[in-house]
Amino acid sequence: MHLLLSEELVEIKNLARQLAEEKIKPVRQQYDETGEFPYEIMNYIAKSDLFRVFIPEEYEGMGFGITGMSLATEEFSRVCAGIALGYAGTGLGTMPIILFGSEEQKRRYLPQIAEGKRLAAFGLTESDAGSDASNIKTIAKKQGEYFYLNGTKQFITNGEVADIYIIIANSNPEKGIRGLTAFIVEKGEKGFTFGKHENKMGIRGSSTVELVFDECKVHKDNILGGEGMGFKVAMKTLDYSRIGVGAQALGIAQGAYEESVKYASQRVQFGQKIISFQMIQNIIANMAIKIEAARALTYTSAKYVDGGGKDIARVGSIVKTFCSDIAMEITTDAVQVFGGYGYMKEYPVEKMMRDAKITQIYEGTNQIQRLVIAQEIIKRGCEIKDMY
Ligand code: COS
């Protein structure tokens, strides 16, 4: 009996765990070292139909929403958060189409993503538009039925490896934030190329690349949600996808916790397994407390959002912040449990610690999340309506 998850959701979680153990674990160190993109793993994920999980049923998906996506992301991240990001980043890039796409746009793109043939990416961030997301300099100049995109997007997950990009650009600079518009742009369009490939601290099995637009011509039919709706499209997308970041962080924490228990049960010092020492037990018990709280929060929130919950900005930010903060604490403690060995690349926990760090930063720093949470409390009150 599962309290929060249906049998089907448990099956998705189990399938993702099996794939992670059999296919991702053997190669995670190799991808971490080379920084290459794991196309072979994306093919396995596609073959196991896990890209269908978060796509609505009408568009050849399975309709398991944010909950399904979060469960698969958690399980992939338990083994390797970098490789998991090819999947989760596609979820992020797909979300604006699910939330704001016209029927025609959904029919065109969602089945391809469900099949796992084409990955997606979300292009919001620029060099001067990080936390200050509305300070976008990429311009979409209107000429008749077309817009001409000029500018550079930075730190884009799935950059170059994705085929479908959601680009937030300013189509009416005089209107500031209300001039922002979201466009669907496909790889291969004239005037759309790729720039710098980032060399990262962690999540090295993922691609982080600049997108460069030079007079890239996009038809107005590729606008998502209408002209001037770009900031809303971006913010709403992040409300949903931040639960996925929480799930990714939860998976990293779970992986580090399991490795810590295993290691402490084998490692002998002073003639005893170190797990028999209360100081180690204290660390491990604290890991368990944080993880169970994070899991209950993540699954409940995902179900709330999928069930049509209204207070999603606050919920998304709470999940993302709590899970990423505990992931950072737990992976740091895991390195401590391993002692000197924990610092070495032969053991998986130093990578988990590096991978955890980004979850406190991307899709909005945890400082920004706390601002969002506080603003929502001020606007809507202390309670999250209808969540429990
Ligand atoms: N859903 C819908 N609309 C939203 C929204 C949300 N979650 N958040 C803001 N908006 C709307 C506001 O309602 C407002 O619209 P009106 O002017 O019509 O009332 C508009 O957007 C501007 O909102 P606000 O004044 O709060 O915008 P700010 O520029 O102050 O920015 C923060 C708000 C800081 C919260 C935002 O920029 C942010 O989330 N930054 C982090 C970005 C991020 O996550 N970057 C990482 C990207 S990695 S993919």
Side-chain angles (χ1 to χ4, degrees), residues 66 73 85-100 119-138 152-159 162 164-170 172-182 198 200 203 206-211 224-246 248-249 301 305 309-321 324 357-380 384:
I66 293 290
T73 300
L85 202 50
Y87 178 80
T90 292
L92 169 67
T94 307
M95 209 50 63
I97 304 177
I98 295 175
L99 294 173
F100 293 93
L119 301 181
F122 183 62
L124 169 69
T125 301
E126 297 182 1
S127 57
D128 291 328
S131 292
D132 188 3
S134 64
N135 189 31
I136 281 171
K137 302 277 165 49
T138 298
T152 301
K153 295 286 170 185
Q154 190 176 269
F155 298 163
I156 305 304
T157 297
N158 282 350
I164 300 160
Y165 295 79
I166 308 304
I167 304 301
I168 313 293
N170 203 327
N172 198 340
E174 280 153 36
K175 287 199 174 165
I177 208 167
R178 286 192 175 76
L180 296 177
T181 299
E198 302 295 342
K200 307 185 291 291
I203 50 160
S206 70
S207 145
T208 311
V209 172
E210 259 179 3
L211 317 180
L224 273 172
E227 242 183 287
M229 286 292 288
F231 197 66
K232 282 227 165 32
V233 170
M235 291 297 115
K236 271 263 176 288
T237 295
L238 291 169
D239 291 346
Y240 285 82
S241 69
R242 282 170 183 157
I243 293 181
V245 178
Q248 182 189 33
S301 303
V305 164
K310 297 270 179 287
D311 214 345
I312 56 165
R314 171 169 18 183
V315 166
S317 291
I318 289 176
V319 172
K320 194 265 189 200
T321 307
S324 59
K357 186 63 206 166
I358 192 63
T359 64
Q360 294 182 304
I361 298 170
Y362 65 9
E363 292 194 35
T365 63
N366 284 4
Q367 286 72 24
I368 289 292
Q369 306 309 318
R370 288 180 168 91
L371 281 185
V372 171
I373 295 163
Q375 281 165 12
E376 292 293 312
I377 293 168
I378 293 163
K379 256 197 280 178
R380 295 167 193 263
I384 299 175

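Note that ligands are numbered from 1 as they come in the structure, with each ligand's atoms numbered from 1 the same way.
- The closest protein non-hydrogen atom to atom 37 (O) of ligand 1 is S131 O, 3.3 Å.
- The protein heavy-atom contact nearest to atom 2 (C) of ligand 1 is K236 NZ, 3.8 Å.
- No side-chain heavy atom of I358 sits less than 4.5 Å from a side-chain heavy atom of K200.
- Which parts of ligand 1 touch T125 is read off a 4.0 Å heavy-atom cut-off, strictly below it: atoms 47 (C), 48 (S).
- The protein does not reach atom 25 (O) of ligand 1 closely, with no heavy atom under 4.0 angstrom from it.
- For N135 (side chain) and A129 (main-chain N/O), no donor-acceptor pair under 3.5 Å exists by modelled atom type.
- The closest protein non-hydrogen atom to atom 44 (O) of ligand 1 is R242 NH2, 2.9 Å.
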Margin query: Walk me through whether L124 and L238 qualify under side chain to side chain contact (heavy atoms under 4.5 Å, CB included).
Written below: CA-CA 11 Å; L124 169 69; L238 291 169; 4.1 Å; yes
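- For atom 48 (S) of ligand 1, the nearest protein heavy atom lies under 4.0 Å away.
- Residue contact check: V372 has heavy atoms under 4.0 Å from atoms 35 (C) of ligand 1.
- Looking only at protein heavy atoms, the nearest one to atom 13 (O) of ligand 1 is K232 NZ, 4.1 Å.
- For R178, the side-chain contact (heavy atoms from CB on, under 4.5 Å) criterion is met by K175, not counting sequence neighbours.
- When the heavy atoms of F155, F231, Y362 are ranked by distance to atom 28 (P) of ligand 1, first place goes to F231.
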Checklist line | Chi angles and distances behind the side chain to side chain contact (heavy atoms under 4.5 Å, CB included) call for I166, I97 | finding: CA-CA 9 Å; I166 308 304; I97 304 177; 3.9 Å; yes
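- In terms of protein heavy atoms, atom 9 (C) of ligand 1 is closest to M235 CG, 4.0 Å.
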Notebook entry, point to check: Is there a side chain to side chain contact (heavy atoms under 4.5 Å, CB included) between D132 and S134 once you walk through the steps?
Noted result: CA-CA 6 Å; D132 188 3; S134 64; 3.7 Å; yes
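- Protein heavy atom at the shortest distance from atom 7 (N) of ligand 1 is D239 OD2, 3.0 Å.
- Near F122, the atoms of ligand 1 lying under 4.0 angstrom from a non-hydrogen atom of the residue are 49 (S).
- Residue contacts with ligand 1 for I177 involve side-chain atoms from C-beta outward but no N, CA, C or O (heavy atoms, distance under 4.0 Å).
- Among residues two or more places apart in sequence or in another chain, the ring pair (Phe, Tyr, Trp, His ring centres under 6.0 Å) test is passed with Y87 by F51, F54, F76.
- Remark: ligand 1 atoms within the under-4.0 Å shell around heavy atoms of A133 are 37 (O), 42 (C).
- The protein heavy atom nearest to atom 19 (O) of ligand 1 is R178 NH2, 4.3 Å.
- L211 has its side chain within reach of I167: a pair of non-hydrogen atoms, C-beta onward, lies under 4.5 Å apart.
- Evaluated by nearest non-hydrogen atom to atom 29 (O) of ligand 1, the leading choice among S134, S241, G364 is S134.
- Remark: the backbone N or O of G159 is not paired with any side-chain donor or acceptor of K153 at under 3.5 angstrom.
- Here the options are Q248, K357, K320, the test is side chain to side chain donor-acceptor pair (under 3.5 Å), and the partner is Y362; only Q248 passes.
- Residue-level proximity to ligand 1 for L238 is carried by the side chain, the only part with a heavy atom below 4.0 angstrom.
- Residues F231 and K236 fail the side-chain proximity criterion, which asks for heavy atoms closer than 4.5 Å.
- Ranked by closest heavy atom to atom 42 (C) of ligand 1, the top entry among G123, G130, G89 is G130.
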